[in-house]
Amino acid sequence: MANALGIVSPSVHFFRRRNRAPLGLHGSEKKTAFICLAAADGGVEGRVLDSASSRSYRPRAVGMGSKLVGCGSAVPKLLISNDDLAQIVETSDEWISVRTGIHNRRVLSGNETLGGLAVDAAKGALQMAHVEAEEVDLVIMCTSTPDDLFGCGAQVQRDLGCKNAWAFDITAACSGFVVGLISATRFIKGGGFQNILVVGGDVLSRYVDWTDRGTCILFGDAAGAVLVQACGSDEDGLLGFDLHSDGHGQRQLNAPAKDDDSNFISNNNGTSLFPPKKSSYSCIQMNGKEVFRFAVRCVPQSIEAALEEAGLTSSSIDWLLLHQANQRIIDAVATRLEIPSDKVISNLANYGNTSAASIPLALDEAVRTGKVQAGNTIATAGFGAGLTWGSVIMRWK
């Protein structure tokens, strides 16, 4: 089939939901764990811990459904308006708003961090869900801009006090939250997990060239979170999903690693051997026209595939909630799906493109303002660098 940018390439496969696993129980017996600790002399010592001293285990029921029971969000304090950007690059509020729909964005300042935003967003989701931190089994941190090279999921888990939870990071740019949400439901269905925090957060201001008006006008920083909880199959809130990726489109949206110009020890023929070059990431580079073409073609197709799996049509959904990249993209996708504008959720004007945070951030605002009600069916889709894209048809509570 054609790839995301319309160029013939090898087929791009997508993932489908599997048949439900039979209901069963796993692991109610007493367990022990062997852990490695750093010894005082620099070596490693092993220690066997009884499960009762490390965490409490409970029977795991597999084959369960999943429902969203809480959400939260957080944004930095510093607001940057279009007029502020006009003092830096040749642009104006009218030029930006007409082309993107964006008026303001939030960016990190002072000692703010992605981890701090993620923790605040997750606390909001836990509070709404009436779930304690100790009851969380898994924290999935969806980000492409962690505070640490090795990710920040475990630090978020630590700072939340989720002492019984495992944590890991997912890197899928603007599709990250959708990937994390689907992953959470699979851990519940196949792994017997009960409560999973899915956090989407990015601070792309760290990787924006603030002299490039083609990209600096688009991005903002934020975090959003949802609490996904196990439930009976009759309450299952994940109705259908669809996922894709196509690396042929990477050249259209990227932030590649770059090497510095340090001095190196060379061999006799002048080839650098040691030390390895130190790397950092370049600023975001994007071909806006090609990304727009990709989104307005592939996103409606993905949503339609997810709707088909759910046994629904576009007229059946209560809300369309897309990754908040550009208002023109949101409007074009809604038009192709024949979804009226009063069923489209958008907060892009206030926050810009917050990457993996955009969907949970917009969802949280829609829930807390009373727009999204219990039982509402939402079609959501993420799309961006990779290229990656995917859709979920979900029911709120």
Side-chain angles (χ1 to χ4, degrees), residues 1 4 11-24 61-71 175 177-193 196 198 226-245 295-323 330 332-345 359-360 362-363 366-367 371-383 388-397:
M1 62 179 287
S11 296
V12 180
H13 300 290
F14 57 88
F15 297 96
R16 306 295 293 178
R17 294 175 68 190
R18 306 302 185 201
N19 293 330
R20 289 189 182 278
L23 182 64
V62 299
M64 302 295 286
S66 306
K67 60 181 180 180
L68 278 67
V69 296
C71 57
S175 303
F177 178 76
V178 167
V179 176
L181 181 59
I182 295 170
S183 298
T185 67
R186 301 306 89 186
F187 276 103
I188 289 172
K189 177 185 283 290
F193 287 67
I196 300 179
V198 181
V226 296
L227 194 287
V228 185
Q229 192 170 73
C231 63
S233 59
D234 58 330
E235 297 181 278
D236 196 352
L238 182 81
L239 308 179
F241 69 83
D242 179 70
L243 289 171
H244 300 262
S245 61
V296 298
R297 181 175 60 257
C298 294
V299 173
Q301 293 172 354
S302 179
I303 292 176
E304 287 173 343
L307 283 168
E308 181 180 0
E309 182 177 44
L312 300 173
T313 63
S314 60
S315 62
S316 305
I317 67 172
D318 296 298
W319 300 104
L320 176 66
L321 172 52
L322 301 180
H323 162 53
I330 295 172
V333 172
T335 299
R336 293 199 178 195
L337 292 172
E338 299 182 343
I339 296 175
S341 59
D342 60 355
K343 289 189 174 184
V344 178
I345 296 174
I359 292 174
L363 174 65
V367 169
K371 181 177 288 188
V372 171
Q373 298 288 321
N376 281 179
T377 300
I378 305 169
T380 187
F383 51 91
T388 60
W389 67 104
S391 303
V392 173
I393 310 302
M394 60 186 183
R395 184 167 50 239
W396 174 250
K397 293 195 175 184

Non-hydrogen side-chain atoms of Val179 and Thr388 separated by less than 4.5 Å: no
Non-hydrogen side-chain atoms of Leu181 and Met394 separated by less than 4.5 Å: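 They are in side-chain contact.
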I'd like to know if the side chain of [X] reaches the main chain of [Y], judged simply by a donor and an acceptor atom lying under 3.5 Å from each other, with no hydrogens or angles considered.
| X | Y | answer |
| --- | --- | --- |
| Ser302 | Cys298 | no |
| Glu309 | Phe241 | yes |
| Arg395 | Leu239 | no |

Can you give me the closest heavy-atom contact between [X] and [Y], atom names plus distance?
| X | Y | value |
| --- | --- | --- |
| Met64 | Cys231 | CE-O, 3.3 Å |
| Val344 | Ala334 | CG2-CB, 3.9 Å |
| Ala381 | Ile359 | O-CD1, 3.5 Å |
| Ile345 | Ala366 | CD1-CB, 3.9 Å |
| Val333 | Ala295 | CG2-O, 4.2 Å |

Parallel, tilted or perpendicular: ring planes of Trp389 versus His244, cut at 30 and 60 degrees: parallel
Worked verdict on Val226 versus Phe177 for side chain to side chain contact (heavy atoms under 4.5 Å, CB included): CA-CA 10 Å; Val226 296; Phe177 178 76; 3.8 Å; yes
Any side-chain donor near an acceptor of the partner, Thr185 and Ser66, under 3.5 Å: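 Absent: no donor and acceptor within the cut-off.
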Worked verdict on Leu322 versus Ile303 for side chain to side chain contact (heavy atoms under 4.5 Å, CB included): CA-CA 10 Å; Leu322 301 180; Ile303 292 176; 3.8 Å; yes
Name of the residue among Leu68, Ile393, Leu363, Asp318 meeting side chain to side chain contact (heavy atoms under 4.5 Å, CB included) with Ile378: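 So, applying the side chain to side chain contact (heavy atoms under 4.5 Å, CB included) to Ile378 and each of Leu68, Ile393, Leu363, Asp318, only Leu363 qualifies.
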Given Ser315, Ser316, Ser314, the one that forms side chain to side chain contact (heavy atoms under 4.5 Å, CB included) with Leu307: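 Single pass found, and it is Ser314.
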Trace of the side chain to side chain contact (heavy atoms under 4.5 Å, CB included) decision for Leu238 with Arg186: CA-CA 10 Å; Leu238 182 81; Arg186 301 306 89 186; 3.4 Å; yes
Side chain to side chain donor-acceptor pair (under 3.5 Å) partners of residues 373-382, not counting sequence neighbours, each pair once: Trp319-Asn376
Reported OG1-to-CD distance for the pair Thr313 and Glu308, which is rounded to 0.5 angstrom: 12.0 Å
From Ser391 atom OG to Leu321 atom CG, the distance as rounded to the nearest 0.5 Å: 11.0 Å
